[in-house]
Amino acid sequence: MSDVQTLLETAFQSAITRAYGPEYADTDPLVRSSADAAFGDWQANVAMSLGKKLGKPPRAVAEALVKHLDLGTVASSVDIAGPGFINVKLADAFLVAALAGLDGDPRLGVAQTSHPDTVAVDYSAPNVAKEMHVGHIRSTIIGDALSRMLEFAGHRVLRRNHLGDWGTQFGQLIEHMVDRGLDGSDGHGIGDLNDLYRQSKARFDAEPDFAERARRRVVALQSGDPETRRLWSALIAESKRHFNEIYKRLGVSLSDADYFGESFYNDMLEPTAGELVAKGVAVQSEGALCVFPPGFKGRDGAPVPLIVKKSDGGYGYDNTDLAAIRHRILDLGCSRLVYVVGSPQKQHFDLLFAAARMAGWLTDAVRAEYVPFGSVLGEDGKMFKTRSGEVIKLTDLIDEALKRARDIVDAKAPDMTDDDKVAVARAIGMGALKYVDLSNDRIKDYVFSWDRMLAFEGNTAPYLQNAYVRIRSIFRKADEAGLRPNPDAVPVAEPAERALAVELLRFPDAVAQVERSLEPHRLCTYLYGLASLFHSFYESCPVLAAKDPATRSGRLALCGMAGRALALGLSLLGIDTVDRM
RNA sequence: GCGUUCGUAGCUCAGCUGGAUAGAGCGACGGACUUCGAAUCCGUAGGUCGCAGGUUCGACUCCUGCCGGACGCACCA
């Protein structure tokens with residue numbers, strides 16, 4: 001069963017074609033959920049814009065469209081209102097049948113895409129020998145949710161964790177390891193490596209002799225000196241252990257298979273630069289090899305370059321990114337590229353995409369999307385830091401989320417077993433941490449607040465999880481009583497029943513919106529609305545104590561579908577549900 | 001200086017790519033538990049959508065200019 005949104009769009013498109021000819025077949029019928037349930041369930045706003053294009057009064061266009069509209073038994077009424085809104089109210093019989101169809105569908109009406117992309121999603125990107133911190137959380141969580149959603153939509157998703165595992169800083173790190181006799185074999189944790197980073201940096205700045213040796217060590221690393229490479233590998237292995245641990249605790253779907261660090265592209269740097277030169281895209285400037293995409297002006301009105309090769313002959317991140325985009329399009333055959341990277345790098349990606357177009361790698365057949373996001377702010381409105389002004393480690397953030405969630409579970413469900421408490425606290429804590437990040441429009445900064453994100457009121461993970469828990473609770477009781485849901489006869493007479501039923505049919509559109517916009521908060525807003533409608537339904541429509549068996553089994557089925565929608569929606573965001581909390 | 005981005009209720013945020021009377025949560029005030037989890041629900045009060053113009057049947061949404069915040073503008077990523 002195709003979803004209602006698509007069904008209506010198709011029907012209106014046909015009506016447009018029939019009324020005004022095939023040249024208008026591509027007109028977006030502007031089908032939306034009704035602004036107010038009093039108007040109906042869905043509305044089409046195309047009459048106004050089409051009226052302008054045709055030079056006809058919108059009311060007349062609306063009338064023509066309605067005349068040519070064939071909705072069969074879908075709608076009980078189609079009305080024209082105001083300047084030319086076309087309001088559609090679904091027929092109850094159709095609504096009930098649509099829900100029955102939903103019940104047997106594990107995808108809840110979400111169609112598999114007919115145009116699957118191979119899409120590389122670039123996200124998380126921590127740096128070797130540095131613990132992950134709040135600066136990594138948004139990329140990691142948003143990128144993971146988008147990966148899950150694109151995968152669910154039917155695309156082939158290639159997760160690309162662009163690990164910072166190359167560069168001059170490794171000279172200092174490795175030289176310092178040599179000095180201290182560390183070879184990575186003694187199992188020191190990443191905390192030690194964090195110290196290692198700080199100490200080696202300090203020595204590099206303070207000790208000229210050390211700095212010189214560090215520079216030589218960089219050369220050794222680049223030329224493949226075995227001992228240097230061994231130490232370098234040990235650093236990376238230790239760092240990955242830390243990152244994987246964080247991903248596992250967060251429930252992020254990144255694994256060893258997804259690391260494609262900067263070093264992965266080393267062998268491609270030379271060919272990439274060579275191709276850019278051969279194509280005349282890259283030119284010499286101030287001793288460096290640069291690409292100057294047109295239209296980018298710097299401080300003095302000078303053009304802004306992408307530096308392919310530094311004046312010292314080395315390669316920097318600009319060329320690594322060029323090599324990566326080339327590789328993803330030419331070698332991996334990606335038709336869509338998604339970069340989940342903070343908004344300060346907007347210009348860098350504008351330059352990168354422009355350069356990739358100049359080189360002929362990025363064509364109209366490939367969609368390259370930069371997915372920027374804002375910062376996490378403390379309650380003082382400034383960058384989120386510890387009280388002493390330190391960067392907040394991800395591991396500490398996770399610890400605190402779990403602790404606070406555990407406190408809530410202890411207070412509200414004291415009779416639960418300890419194992420269950422751990423599991424529930426994890427679902428709530430990690431859910432809250434992720435949901436707060438996903439539910440805010442990603443382009444904006446957001447203010448971090450433990451109390452708000454862990455609250456059971458408002459647009460939070462616990463609120464959604466609790467709606468699911470209430471549903472599970474009903475089913476436990478129903479099972480005990482031997483009651484079965486009847487998905488073929490969901491009652492829609494009560495306003496709360498009907499509102500919930502209609503909202504369930506909007507699930508596919510909510511998912512589609514995220515696939516289009518790469519804005520996970522749109523799904524969050526939908527799920528919050530759904531949970532809210534369920535809670536209202538729950539208050540006004542008794543399920544197990546319904547007046548008659550038919551209503552009871554029908555409402556039970558409605559609860560079941562709402563529960564599945566919540567669980568599926570949350571899972572697409574990377575958030576778990578639990579049966580009790 | 002140039003560029004990007006944000007500014008919606010006291011606070012935290014939505015507003016579906018130009019549509020109907022701008023919505024939610026918190027906080028305030030007032031209600032609802034002998035019934036499926038009150039971890040919830042229902043209601044009231046609260047907004048010149050930063051400011052000023054413009055485009056149009058219609059602007060929180062698009063354009064221009066200001067104000068305010070954040071960020072970015074060549075060899076660090």
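In what follows, chains carry the letters A, B, and so on, assigned in the order in which the sequence lines appear, proteins first and then strands, with residues in each chain numbered from 1.
- Look at the P atom in both B/G10 and B/C6: the space between them is 22 Å, to the nearest Å.
- Nearest nucleotide to the side chain of A/R452, out of B/G72, B/A38, B/U12: B/U12.
- With hydrogens and angles ignored, a donor-acceptor pair under 3.5 angstrom links the side chain of A/N87 to the base of B/A20.
- Separating the P atom of B/C62 from that of B/G7 is a span of 10 Å, rounded to the nearest Å.
- Using C1' as the reference atom, B/U40 and B/U35 are 15 Å apart when rounded to the nearest Å.
- When the nucleotides B/A20, B/G25, B/C57 are ranked by their closest atom to the side chain of A/K52, B/C57 comes out on top.
- Here, B/U56 and B/G68 have their C1' atoms 30 Å apart, quoted to the whole Å.
- Residue A/L438 forms a side chain to side chain contact (heavy atoms under 4.5 Å, CB included) with just one option from A/L433, A/I141, A/V514, A/L146, and that option is A/I141.
- In this structure, A/Y339 has its ring center under 6.0 Å from that of A/F349.
- Just one of A/Q172, A/Q169, A/E175 meets the side chain to side chain contact (heavy atoms under 4.5 Å, CB included) condition when paired with A/S200; it is A/Q172.
- Shown here, B/G68 forms a base pair with B/C6; the pair counts as Watson-Crick or G-U wobble because both key distances fall under 3.5 Å.
- The residue A/S311 sits close to a base: some heavy atom pair falls under 4.0 Å.
- For A/Y463, a side-chain nitrogen or oxygen approaches OP1 or OP2 of B/C41 to under 4.0 Å.
- Remark: A/R470 is not positioned above the aromatic ring of A/F534, lacking an NZ or CZ atom under 6.0 angstrom from the ring centre and at most 45 degrees off the axis.
- Looking at the side chain of A/K477, the nearest of the listed nucleotides B/C36, B/C73, B/A14 is B/C36.
- Nucleotides B/G58 and B/C41 have their P atoms positioned 40 Å apart, rounded to a whole Å.
- For A/T525, whose side chain is taken as the heavy atoms from C-beta onward, the closest listed nucleotide among B/A14, B/U5, B/C36 is B/A14.
- At the phosphate of B/G25, neither OP1 nor OP2 sits under 4.0 Å from any side-chain N or O atom of A/T460.
- Taking the C1' atoms as reference points, B/G53 lies 48 Å from B/G31, given to the whole Å.
- Under 3.5 Å, the side chain of A/S375 and the base of B/A70 form no donor-acceptor pair of N or O atoms.
- OP1 or OP2 of B/C36 has not a single side-chain nitrogen or oxygen of A/R552 nearer than 4.0 Å.
- In terms of polar N and O atoms assigned as donor or acceptor, the side chain of A/E539 never comes within less than 3.5 Å of the base of B/A32 in a complementary pairing.
- Taking the six-membered ring for Trp and thresholds of 30 and 60 degrees, A/F507 and A/Y526 have ring planes more than 60 degrees apart, a perpendicular arrangement.
- Taking 4.0 angstrom as the limit, A/R555 places none of its side-chain polar atoms (N or O) nearer than this to OP1 or OP2 of B/C36.
- Contact annotation: A/K444 side-chain N/O to B/G7 OP1/OP2 distance is under 4.0 Å.
- Across the P atoms, B/U44 and B/C49 are found 23 Å apart, a figure rounded to whole Å.
- Each of B/C71, B/C36, B/C13 was ranked by its minimum atom distance to the side chain of A/Y446; first place goes to B/C13.
- Applying the 4.0 Å criterion to OP1 and OP2 of B/G15, one finds that A/H521 has a side-chain N or O inside that range.
- Toward the 5' end of RNA chain B, the nearer of the two residues A/Y317 and A/E286, judged by each one's closest nucleotide, is A/E286.
- Across B/A74, B/U5, B/A20, the shortest atom-to-atom separation from the side chain of A/A81 is found for B/A20.
- For B/C11, the O4'-C1' to base torsion is more than 90° from 0; the nucleotide is therefore anti.
- Across the strands present, B/C73 finds its partner in B/G1; the criterion is a Watson-Crick or G-U wobble pair with both atom distances under 3.5 angstrom.
- Within a 6.0 Å radius of NZ in A/K421, more than 12 heavy atoms belonging to other residues, nucleotides or ligands are found.
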